[in-house]
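Some notes on the structure that comes next.
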Amino acid sequence: MPLYLNDEQAMLRDTAKEFVAEHAPVSHMRALRDAKDSTGFSRDLWKQFAGMGLTGILIPESDGGLGLGHVEAGVVLEEIGRNLSPSPFLSTAVAAVEALKGTAHAARWFPGILAGETVAALAIDEGPKHNGRIEMQAERAGNGFRLTGAKTFVAHGHVADLILVAAKTGGGTTLFAVPNDAKGLSAAPERLADASLSARIRFDGVEVDADAVIGDVDAGDGPLGRLLAAGRTGASAELLGVGGGAADMTVSYLKERKQFGVLIGSFQALQHRAAHLYSEMEVARGAVLKAAQLLDSGEDAREAVAVAKAMTGLATTLAVQEGVQMHGGIGMTDEYDIGFYMKRARVLAEMFGDSNFHADALARAAGY
Amino acid sequence: MPLYLNDEQAMLRDTAKEFVAEHAPVSHMRALRDAKDSTGFSRDLWKQFAGMGLTGILIPESDGGLGLGHVEAGVVLEEIGRNLSPSPFLSTAVAAVEALKGTAHAARWFPGILAGETVAALAIDEGPKHNGRIEMQAERAGNGFRLTGAKTFVAHGHVADLILVAAKTGGGTTLFAVPNDAKGLSAAPERLADASLSARIRFDGVEVDADAVIGDVDAGDGPLGRLLAAGRTGASAELLGVGGGAADMTVSYLKERKQFGVLIGSFQALQHRAAHLYSEMEVARGAVLKAAQLLDSGEDAREAVAVAKAMTGLATTLAVQEGVQMHGGIGMTDEYDIGFYMKRARVLAEMFGDSNFHADALARAAGY
Amino acid sequence: MSDLEQFRAETRAWLEENCPPEMRKPMRGEKDATWGGRNPEYAHPDQKVWMDRMGARGWTVPDWPKEYGGGGLSPAETKILREELKRINARNPLNSFGISMLGPALLKYGTEEQKLEHLPKIARGEIRWCQGYSEPNAGSDLAGLATSAEDAGDHYIVNGQKVWTSYADKADWIFCLVRTDKTTKQGGISFLLFDMASEGVSTKPILLISGYSPFCETFFDNVKVPKANRVHDENKGWDVAKYLLGHEREMISGMGLGAGTDQLIEAARKGVDPILRGQIALFDVRSRAFAAMSERFIDELKAGKAHPAQPSMMKYYGTELNKTRHELLMAAGGSDALEWESEASNGGAAPRAWLRTKANSIEGGTSEIQLNIIAKRILDLPS
Amino acid sequence: MSDLEQFRAETRAWLEENCPPEMRKPMRGEKDATWGGRNPEYAHPDQKVWMDRMGARGWTVPDWPKEYGGGGLSPAETKILREELKRINARNPLNSFGISMLGPALLKYGTEEQKLEHLPKIARGEIRWCQGYSEPNAGSDLAGLATSAEDAGDHYIVNGQKVWTSYADKADWIFCLVRTDKTTKQGGISFLLFDMASEGVSTKPILLISGYSPFCETFFDNVKVPKANRVHDENKGWDVAKYLLGHEREMISGMGLGAGTDQLIEAARKGVDPILRGQIALFDVRSRAFAAMSERFIDELKAGKAHPAQPSMMKYYGTELNKTRHELLMAAGGSDALEWESEASNGGAAPRAWLRTKANSIEGGTSEIQLNIIAKRILDLPS
């Protein structure tokens with residue numbers, strides 16, 4: 001399989017590009033922010049995603065979805081990134097679907113996701129840095145389990161219908177699907193720098209039935225691994241869109257802004273920096289496509305996924321830094337969009353582990 | 001004390017600049033290399049250093065030296081660095097003198113150093129990376145000690161009259177002064193990338209008298225600490241000269257080399273890189289002067305010394321990299337001098353611990 | 001005991017007695033800064049105590065002459081005072097563009113009347129100043145400014161617009177570049193001082209990506225300014241501006257020494273991933289080396305040995321360093337440092353400070369401008 | 001089993017049988033490279049075995065047509081062959097400027113006679129080629145070349161000097177840019193092929209900082225070159241040169257994938273300081289991402305989807321990456337890696353390889369030239 005988009009994927013990209021730019025451009029995000037919207041995204045837009053079939057992009061055709069892969073999900077996420085569109089697409093249609101796929105939960109939750117009615121959130125992190133450690137306990141209680149602990153940095157956690165949460169059970173990790181109205185569950189939404197809402201969730205002895213378990217008890221590493229691989233690859237694709245959007249906006253600005261009577265894009269120092277940035281973004285693009293293809297092929301994609309998340313973190317961070325700097329004073333104003341790219345990039349860089357986390361993981365895997 | 005050279009120091013700098021440029025310019029080093037000289041430096045030049053009083057720069061006036069400090073030693077070393085002059089000045093007149101000063105060894109060795117007849121070498125490292133670990137053993141034997149072990153990266157080790165060597169004694173570390181003709185000592189000179197000669201030294205049960213101990217038994221950390229502080233600060237000053245020399249040569253080249261019909265120094269991308277390099281070198285200069293002043297003041301200079309060695313390593317590495325790249329093809333030829341700067345910088349960056357080693361040491365000292 | 005040793009002992013004792021404990025704690029954000037002025041804002045009452053005590057002694061501007069409200073200290077004494085302030089982690093008693101920018105320019109170019117009128121009020125924090133340099137569409141190209149001052153006998157009539165005026169909405173007076181001659185570029189600029197309460201002056205804050213509005217757009221509509229308020233000759237304002245820019249760059253470069261490093265080391269001590277630990281350690285090398293360079297620069301400046309373009313290097317390096325510091329702080333803080341409004345995050349102090357630093361390499365001349373200056377004026381590279 | 005699966009199985013079996021074990025070990029230095037030619041040098045006899053076996057099958061140039069000595073493989077088959085070669089860590093059977101540079105240009109611009117004459121000998125490693133582009137004082141500015149070819153009926157008389165001619169002293173033939181019209185710059189250049197044994201050709205190796213002499217100065221003194229040896233039209237040599245430069249950049253960019261990464265990881269496993277460990281890990285991220293990008297680039301190139309200036313990006317990034325790799329290797333090696341002649345250091349293999357990489361970002365168009373090209377031709381930034 002060649003490492004570029006095939007014709008169908010390219011067509012999907014064109015469709016997604018047009019759709020997202022039309023319905024959820026940066027001004028959509030800005031309007032939600034200015035309105036101090038308490039949901040964090042537009043439910044109407046989520047319905048429209050469903051109408052396009054996109055919420056079912058990874059759901060098997062046999063379950064009513066499009067039955068596509070991570071390359072296709074990435075194509076959509078890149079456009080979401082490019083337009084800074086607030087959307088539960090990554091958590092719900094990508095990471096949660098991937099975890100639930102093939103389990104008994106598919107039948108319960110997929111219809112709502114396909115209809116654009118259900119939103120899922122991922123309660124994975126317990127500290128300010130994503131590190132894989134789980135302190136949260138799930139004790140056997142009656143017919144099911146009692147969950148005790150706290151999670152943080154849960155995007156959409158305060159409005160999600162379904163929360164996927166990892167906890168320690170006696171013999172390992174178990175992944176649970178917890179409805180948002182479970183007793184003892186409290187989600188406190190926090191506004192983040194990028195205007196998105198993310199929750200700190202407390203589980204104070206939340207009781208769930210045995211059928212809340214995704215997959216098997218003590219065998220949560222399987223679905224959790226799928227969730228993380230999908231989430232990381234998806235976040236990488238979204239970062240690619242954020243960085244690409246910032247880079248494009250900056251190159252355009254270089255072509256229109258004059259200083260000392262000439263276009264600033266004619267200054268060689270800026271040209272070289274723009275060319276270097278372009279190179280970084282292209283390299284990141286290669287890494288993201290590679291990770292998505294490997295995931296879709298069913299081969300071991302762990303290292304490629306780590307490379308994609310780490311590399312997009314590095315490249316996009318450079319893109320937004322150069323973006324703000326090259327815009328000069330105007331880039332510092334809230335009125336101009338480039339600052340939003342910087343904020344969103346920071347949040348996504350942190351999500352599912354930052355560049356250092358993944359570089360460290362690669363080093364460990366390589367035995368050093 | 002203001003952080004710049006006072007009038008006497010500035011005068012010394014002018015003298016040293018003129019003296020080194022006249023007697024030991026880069027062509028001097030090249031000639032030694034081309035002749036496959038087996039000493040590694042010119043004994044005549046060492047005599048001339050003595051004639052100027054420079055070999056006694058740190059030797060107290062009461063012992064017949066100039067009684068000056070590390071700022072002054074650094075001024076000389078910077079010129080040595082700038083001219084890539086092969087010289088035992090750093091090991092002998094700076095590090096060894098500082099270790100021997102105030103001990104019973106001063107009377108034995110200082111006269112030869114003052115006369116430009118004695119050369120000292122520092123046998124400190126035992127592995128390819130400077131790390132402070134000492135495996136070498138010194139067992140009590142008769143009236144003295146028996147030394148067993150191996151040292152590496154000992155500049156001038158094969159021709160030095162005196163070798164300072166650190167070994168483990170029962171209750172700690174002891175620093176010894178070992179004459180080069182001690183039985184069981186074998187020094188194998190190795191040509192390094194910069195054409196200097198550095199020895200791997202084996203101590204096969206080398207027996208020394210008790211009076212070979214510098215300072216007290218088991219209390220070698222004192223003189224060894226002084227030796228390392230002086231060596232590191234001196235190496236930083238020499239690196240500053242190497243980097244400054246490379247930067248100056250490169251800026252000059254930018255002003256004379258034409259491409260596409262214009263001076264390449266007019267290309268803004270190169271201007272910005274040259275300006276950045278200038279800034280790095282200036283910051284390194286501040287760090288070196290600070291470390292030397294603190295050493296001279298008798299205050300705790302450990303952290304400032306680590307900063308100086310780490311920062312000059314970073315700045316000078318950039319200087320030689322930019323130097324070779326900006327020279328283009330000609331910079332790759334042996335005929336042109338810029339490559340020598342790259343080689344010398346690499347050797348000095350490694351000597352007494354590289355930038356990472358010292359950054360790590362700072363982090364440990366700060367408690368992280 | 002030498003005179004300097006005695007001065008140090010007395011200074012230490014005085015500070016021990018007069019610096020309130022609250023003023024020895026690190027600032028938690030921009031709001032903790034003391035700016036003084038006609039309508040001062042204090043997050044803590046000790047800010048005023050500390051400012052007043054230091055101001056009364058002239059130690060807000062220790063090296064200014066006593067007759068202008070300064071401390072009259074020698075360079076060596078000034079250095080000792082700074083060291084003693086640092087020893088007890090004392091906060092800056094007074095943040096002021098009057099001190100860092102206008103003051104030095106007035107000392108060099110002002111008339112005796114101007115000095116006596118303005119400098120003491122600056123020293124005591126009674127009048128807060130802002131700077132009117134940048135204009136819309138002028139950006140880094142200051143010489144293209146268009147705000148006009150028409151000659152009307154004993155006064156000028158000023159019309160035009162400034163942008164990026166720091167705290168113009170909170171300032172009492174402005175020092176301002178205006179065009180008094182349209183036929184030449186840099187040759188037709190004059191340097192005026194006037195009260196922001198003058199008729200015809202209005203300001204509009206600019207909301208920044210940090211969510212703060214430290215800058216304004218400032219409008220002048222037939223503002224009457226006495227000619228006595230002009231500093232230096234008519235059409236010679238560019239000289240004053242250049243001199244003052246050097247001081248601004250010096251001040252901004254001080255950001256490279258920011259207290260943020262302590263926070264960073266603190267975060268590293270609490271535990272960070274091993275790669276970030278290394279990045280912080282290498283940053284700390286640069287930060288400490290820059291502190292040494294800054295000390296050297298200030299000493300050379302006082303001795304008249306600094307290259308006139310050296311502030312460009314300090315500004316460039318210090319601001320880039322500060323941006324890196326806050327990137328590292330954000331990485332250390334993880335998702336906690338992304339919170340924008342929560343109480344736990346002190347209203348998003350970390351991300352707002354991080355975003356604020358992005359302006360460091362833009363305001364007061366961009367990093368690119370500084371690099372141009374270094375290349376041309378220090379390295380003498382060809383055009 | 002699909003055709004491709006069968007091809008993979010057969011290829012794997014053939015390689016298993018035909019790739020000598022010695023050729024599955026990493027190269028220890030430049031001397032282990034196989035270049036073929038009239039007077040070949042082999043550090044190990046298996047180099048010749050491996051080259052000959054692959055050459056006979058056309059697999060030194062798997063995607064060239066069979067009639068020109070190639071393997072006639074489809075893109076998919078070629079990719080499988082490369083994967084299978086990589087699986088067993090097989091060394092490159094034949095390093096050749098004929099393969100990487102001249103071949104593609106001949107396939108596009110050569111006459112049928114030229115193709116039949118030269119391509120099979122390239123494929124089998126019988127003739128070793130060198131490239132005559134750069135001239136003294138021309139540097140990155142290729143269009144300024146002065147070597148002249150005067151029309152003498154059925155042949156040209158070539159006079160002039162080239163520099164940076166890779167292995168000219170070891171090459172059998174040269175492909176060379178010459179000036180056939182002095183009245184225009186790029187429009188007056190032609191592309192000639194001739195035997196280095198021709199009368200009037202002499203070479204002088206250039207000693208490099210690595211201590212090696214892979215490049216020469218090459219002199220032409222009334223060298224007679226038949227007009228039949230001109231590729232493409234007279235005065236159209238620039239087209240050929242540009243096409244070929246793209247391939248050269250591709251080849252050099254492959255350095256970013258160099259086997260040196262294995263060495264680096266090996267060193268990291270043996271233990272390095274914690275900061276270097278992090279630097280290696282972040283380098284590895286970039287290195288692996290670039291490997292993915294390279295795969296994408298080659299796939300797009302084959303499908304005709306690559307931007308024509310994309311090789312500039314590959315060349316820039318790959319060579320900068322390679323320089324970083326060797327800086328890290330030197331840091332990992334410490335003082336051992338400084339030894340220049342000792343046996344233990346394999347004659348200074350590490351520092352010489354490190355210094356050699358510094359030329360990567362100069363030869364074949366400097367990094368600065370590549371960045372200019374990206375800025376202008378891909379980003380379309382104004383002049």
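Note: hydrogens, waters and symmetry copies are ignored here, and every other heavy atom, side chains too, is used.
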*What is the ring orientation for D:Y317 with A:H276, classed by angle as parallel under 30°, tilted 30 to 60°, or perpendicular over 60°?*
parallel
*asked:* Is there a side chain to side chain contact (heavy atoms under 4.5 Å, CB included) between D:N372 and A:Q268? Walk through the geometry before answering.
replied: CA-CA 8 Å; D:N372 283 342; A:Q268 195 198 31; 3.3 Å; yes
For the student: nearest non-hydrogen atoms of [X] and [Y], plus distance:
| X | Y | value |
| --- | --- | --- |
| A:A363 | D:A281 | CB-CB, 4.0 Å |
| A:R364 | D:R277 | CG-NH2, 4.1 Å |
| A:Q271 | D:P382 | NE2-O, 2.8 Å |
| D:K79 | A:P2 | NZ-CA, 4.2 Å |
| D:A289 | A:V307 | N-CG1, 3.7 Å |

More than 12 heavy atoms of other groups within 6.0 Å of [X] [atom1]:
| X | atom1 | answer |
| --- | --- | --- |
| D:R269 | CZ | yes |
| D:E83 | CD | yes |
| A:R133 | CZ | no |
| D:R24 | CZ | yes |

Quick one: what part of [X] sits under 4.5 Å from any heavy atom of chain A, side chain, backbone, both or neither?
| X | result |
| --- | --- |
| D:E320 | neither |
| D:K376 | side chain |
| D:I280 | both |

[X] side chain near [Y] side chain, heavy-atom distance below 4.5 Å:
| X | Y | result |
| --- | --- | --- |
| A:R273 | D:L371 | no |
| D:L381 | A:S266 | no |
| D:L282 | A:N356 | yes |
| D:L379 | A:K255 | no |
| D:D284 | A:Y368 | yes |

*Out of D:A267, D:A268, D:S383, which one racks up the most heavy-atom pairs below 4.5 Å with chain A?*
D:A268
*Given D:R288 and A:L362, is the side chain to side chain contact (heavy atoms under 4.5 Å, CB included) satisfied, shown in steps?*
CA-CA 11 Å; D:R288 295 194 200 208; A:L362 281 172; 3.9 Å; yes
Pairwise distance [atom1]([X]) to [atom2]([Y]) - rounded to 0.5 angstrom:
| X | Y | atom1 | atom2 | value |
| --- | --- | --- | --- | --- |
| D:Q310 | A:S279 | CD | OG | 8.5 Å |
| A:Y4 | D:L301 | OH | CG | 10.5 Å |
| D:K305 | A:L5 | NZ | CG | 8.0 Å |
| A:M311 | D:R286 | CE | CZ | 4.5 Å |

*asked:* Between D:V285 and A:S355, is the side chain to side chain contact (heavy atoms under 4.5 Å, CB included) condition met? List the steps.
replied: CA-CA 9 Å; D:V285 165; A:S355 297; over 6 Å; no
_Using a 4.5 angstrom heavy-atom cutoff, name the option from A:A308, A:G286, A:A287, A:A275 with the most pairs to chain D._
A:A275
*Is there a donor-acceptor pair closer than 3.5 Å between any side-chain N or O of A:E282 and the backbone N or O of D:F290?*
no
*Walk me through it: do D:R296 and A:K290 pass the test side chain to side chain contact (heavy atoms under 4.5 Å, CB included)?*
CA-CA 8 Å; D:R296 175 177 158 236; A:K290 184 75 189 174; over 6 Å; no
